[in-house]
Amino acid sequence: RELGVPMASICPSFVFGPGSLTNSFSVQLVDKWIKGESPVQSRLCVDIRDVARAHVEAATRDSAMGNRFLVTTEARVSSEDTAEILMKACREVGLGNPEKIHHDSEFQGGAIPIGEKEVDAEE
């Protein structure tokens, strides 16, 4: 606004999906999870294709300018469910160390700061 540049802010949560592997935070963390080097945590997440769609929509709608858009699931996927899914997938494709995958039963994810408020995602 200060520079007079019309823009919208796209704020994705933990990004997953197809495409080239990068050295992103998401990829690094999942790599640690599947090797059993770090406990699987509960996360809000989003598909990369939905993030791409959000960028296109924001860029092509005048009404989006000056706004901030959170692109994410509404509820966290539990760490236990995520760990079980990862174990099964790793066994099927021979990836990582499925027997060492473990979930963090204490991590609840915390609240998402939105302006001066904090909002917890609920089912």
Side-chain angles (χ1 to χ4, degrees):
R1 290 181 186 161
E2 293 172 11
L3 299 175
V5 177
M7 64 170 280
S9 296
I10 304 298
C11 306
S13 57
F14 203 53
V15 180
F16 290 97
S20 300
L21 288 180
T22 65
N23 200 22
S24 70
F25 175 75
S26 299
V27 171
Q28 289 176 18
L29 188 55
V30 172
D31 184 57
K32 288 180 182 179
W33 290 352
I34 66 173
K35 291 177 180 175
E37 295 173 357
S38 178
V40 176
Q41 297 174 328
S42 172
R43 296 282 175 166
L44 290 169
C45 55
V46 64
D47 189 299
I48 187 67
R49 293 163 288 199
D50 293 328
V51 176
R53 276 191 283 276
H55 277 91
V56 170
E57 290 294 324
T60 58
R61 294 179 186 237
D62 290 338
S63 60
M65 296 307 127
N67 291 300
R68 177 179 178 214
F69 299 94
L70 301 178
V71 185
T72 185
T73 53
E74 291 185 30
R76 294 178 184 279
V77 178
S78 78
S79 59
E80 189 171 11
D81 289 347
T82 303
E84 287 178 20
I85 291 166
L86 285 174
M87 280 188 259
K88 181 181 177 191
C90 287
R91 284 185 189 113
E92 288 175 1
V93 299
L95 187 64
N97 192 340
E99 305 314 314
K100 287 191 172 184
I101 295 173
H102 59 289
H103 74 281
D104 186 340
S105 60
E106 296 179 19
F107 181 78
Q108 297 302 313
I112 304 166
I114 299 176
E116 295 180 10
K117 300 178 184 178
E118 288 195 349
V119 179
D120 283 316
E122 296 180 10
E123 292 186 82

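All heavy atoms count here, side chains included; hydrogens, waters and symmetry mates do not. Starting from 1, each residue takes its place in the sequence as its number.
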| field | hydrophobic_cluster_shared for Phe25 and Val71, side chain cutoff 4.5 Å | value | no
| message | Assigning hydrophobic clusters by single linkage (Ile, Leu, Val, Met, Phe, Trp, Tyr; side-chain heavy-atom cutoff under 4.5 Å), is Val77 placed with Val27? | response | no
Per-pair distances, 0.1 Å, donor-acceptor, side chain in residues 44-51, under 3.5 Å, sequence neighbours excluded:
from, atom 1, to, atom 2, distance (Å)
Asp47, OD1, Arg49, N, 2.7
Asp47, OD1, Arg49, NE, 2.8
Asp47, OD2, Arg49, NE, 3.4
Asp47, OD2, Arg49, NH2, 2.6
Asp50, OD1, Arg53, NH2, 2.5

For [X], which residues count as a side chain to side chain donor-acceptor pair (under 3.5 Å) partner, sequence neighbours excluded?
| X | value |
| --- | --- |
| Ser13 | Thr72 |
| Asn23 | Gln28 |
| Glu99 | Arg91 |
| Ser78 | Asp81 |

| Residues which pass side-chain contact (heavy atoms from CB on, under 4.5 Å) with Ala64, listed by chain and number, not counting sequence neighbours | Ala8, Ala58, Arg61, Phe69
| Quick one: side-chain contact (heavy atoms from CB on, under 4.5 Å) partners of Ile85, sequence neighbours excluded? | none
| query | Any idea which heavy atoms bring Ala54 and Ile10 closest together, and the distance? | reply | O-CD1, 3.8 Å
| Qualifying salt bridge (charged side-chain N to carboxylate O under 4.0 Å, His left out) pairs with a residue from residues 6-22, counting only residues at least two apart or across chains | none
| request: Determine which pairs satisfy salt bridge (charged side-chain N to carboxylate O under 4.0 Å, His left out) with at least one residue from residues 10-31, sequence neighbours left out, and list them in order. | output: Asp31-Lys35
| message | Once rounded to the nearest 0.5 Å, what's the spacing between atom CG of Asn97 and atom CE of Met87? | response | 11.0 Å
| note | Output for pair (Thr82 OG1, Asp104 CG), nearest 0.5 Å, gives 11.5 Å
| query | Taking only residues two or more places apart in sequence, or in another chain, which ones meet Lys100 in a salt bridge (Lys or Arg N to Asp or Glu O under 4.0 Å)? | reply | none
| task | State which residues pass salt bridge (Lys or Arg N to Asp or Glu O under 4.0 Å) with Glu80; sequence neighbours excluded, sorted by chain then number. | result | none
| request: Name all residues meeting the ring-ring contact (aromatic ring centres under 6.0 Å, His included) criterion together with Phe16; count only those two or more places apart in sequence or in a different chain, and write none if there are none. | output: Phe14
| query | After noting the C-alpha distance and the side-chain angles of Cys90 and Ile101, does the key distance pass the side-chain contact (heavy atoms from CB on, under 4.5 Å) rule? | reply | CA-CA 10 Å; Cys90 287; Ile101 295 173; 4.0 Å; yes
